[in-house]
Peer 1: 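Below is one structure. I have some questions about it.
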Amino acid sequence: MESNQNSNHKVFVVLSRTHAKIWKNNFEPNSVPITISKPSIDPEYRKMLNQYFSGRKRGELDPQFAQKVADELKDAGGLYLAGGGKGKASAVHNFAAYLRDHHHDIASKIRKIEDIDAENMTDGQLLAEMRKILDRELK
């Protein structure tokens, strides 16, 4: 009986390379997400890294950050990912690849990946987007 309950547990995750917002089965307008942020790096050190790598590692997510997010998703029944970025810089697609490589059980629960301009959306707008995704899925 409990596995049936978990199979209906929907989780909505909005990702960028530096933070994630996670809503678990409550997508009402005033729902508060779990927020996970990548630890900040000293600005001078970041500048040096950017000069050294000159964008070569833009597509890589910090493994510790990705693992923290994955840990929050273990009980998901259906996983909906959203985020922005194109190509190598797409955090949401890089995270999906991380899950496929390191967490096959969680990756198998991905129902939909949406490309949205999450950086410029409020939490209410993100939740409205989630409700649209669920409505399209039911049709």
Peer 1: Of all heavy-atom pairs between D117 and M121, which one has the smallest distance, and what is that distance?
Peer 2: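 It is O-CG, 3.2 Å.
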Peer 1: If you take all heavy atoms of A118 and G83, which pair is closest and at what distance?
Peer 2: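 The answer is CB-CA, 4.4 Å.
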Peer 1: So does T122 get a backbone contact from the side chain of Q125, meaning a donor-acceptor N/O pair under 3.5 Å?
Peer 2: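 Checked: pair present.
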Peer 1: Look at E114 together with R136 and state whether they make a salt bridge at an N to O cut-off of under 4.0 Å.
Peer 2: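 Yes.
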Peer 1: Drop me the distance from I106's CD1 to E72's CD, to the nearest 0.5 angstrom.
Peer 2: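 The distance works out to 10.5 Å.
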Peer 1: Can you measure from CG (D115) to CG (L81) and round to the nearest 0.5 angstrom?
Peer 2: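 CG of L81 is found 10.5 Å from CG of D115.
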Peer 1: For a side-chain contact (heavy atoms from CB on, under 4.5 Å) check, start with the C-alpha distance between F65 and T18, then their side-chain angles and the critical distance, and finish with the verdict.
Peer 2: CA-CA 8 Å; F65 169 69; T18 59; over 6 Å; no
Peer 1: Is a side-chain N or O of S31 found less than 3.5 angstrom from the main chain of N26, in a donor-acceptor match?
Peer 2: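 Present.
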Peer 1: Go through it in stages, so that I can follow the logic: the residues are D123 and N30, the test is side-chain contact (heavy atoms from CB on, under 4.5 Å), and I'd like the CA-CA distance, side-chain angles, deciding distance and then a yes or no.
Peer 2: CA-CA 8 Å; D123 287 356; N30 292 324; over 6 Å; no
Peer 1: Using the side-chain contact (heavy atoms from CB on, under 4.5 Å) rule, take L79 and R111 through it: C-alpha gap first, then chi angles, then the decisive distance, then the call.
Peer 2: CA-CA 6 Å; L79 188 55; R111 302 290 176 257; 5.8 Å; no
Peer 1: For a side-chain contact (heavy atoms from CB on, under 4.5 Å) with I22, tell me which candidate from T35, V14, V69 qualifies.
Peer 2: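 So, applying the side-chain contact (heavy atoms from CB on, under 4.5 Å) to I22 and each of T35, V14, V69, only V69 qualifies.
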Peer 1: Are H102 and Q67 close enough that a side-chain donor and a side-chain acceptor fall under 3.5 Å?
Peer 2: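 No donor-acceptor contact under 3.5 Å links the two side chains.
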Peer 1: A side-chain contact here means heavy atoms from C-beta on lying under 4.5 Å apart; do H19 and I36 qualify?
Peer 2: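 No, every pair of side-chain atoms sits at 4.5 Å or beyond.
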Peer 1: To the nearest 0.5 Å, what is the distance between NZ (K112) and CG (L134)?
Peer 2: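 So the NZ of K112 and the CG of L134 are separated by 11.5 Å.
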Peer 1: Could you measure the distance from the CD1 atom of I34 to the NZ atom of K24? Nearest 0.5 Å is fine.
Peer 2: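 Rounded to the nearest 0.5 Å, the CD1-NZ separation comes out at 4.5 Å.
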Peer 1: Quick one: does any side-chain atom of K109 pair with a main-chain N or O of K74 as donor and acceptor, under 3.5 Å?
Peer 2: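 Pair found, side chain donor or acceptor close to backbone of K74.
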Peer 1: For a side-chain contact (heavy atoms from CB on, under 4.5 Å) check, start with the C-alpha distance between V13 and W23, then their side-chain angles and the critical distance, and finish with the verdict.
Peer 2: CA-CA 6 Å; V13 182; W23 285 270; over 6 Å; no
Peer 1: On a heavy-atom basis, which atom in V11 and which in A76 lie closest, and how many Å separate them?
Peer 2: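 That would be CG2-CB, 3.6 Å.
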Peer 1: Is the Y98 ring parallel, tilted or perpendicular to the F95 ring (thresholds 30°, 60°)?
Peer 2: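 Correct class here is parallel.
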Peer 1: Return the minimal non-hydrogen interatomic distance between P33 and K21, and the atom names on each side.
Peer 2: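 Here P33 and K21 meet closest at CB-CB, 4.0 Å.
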Peer 1: Which heavy atom in P29 sits nearest to a heavy atom in L127, and how many Å separate them?
Peer 2: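 Result for this residue pair: O-CD1, 3.8 Å.
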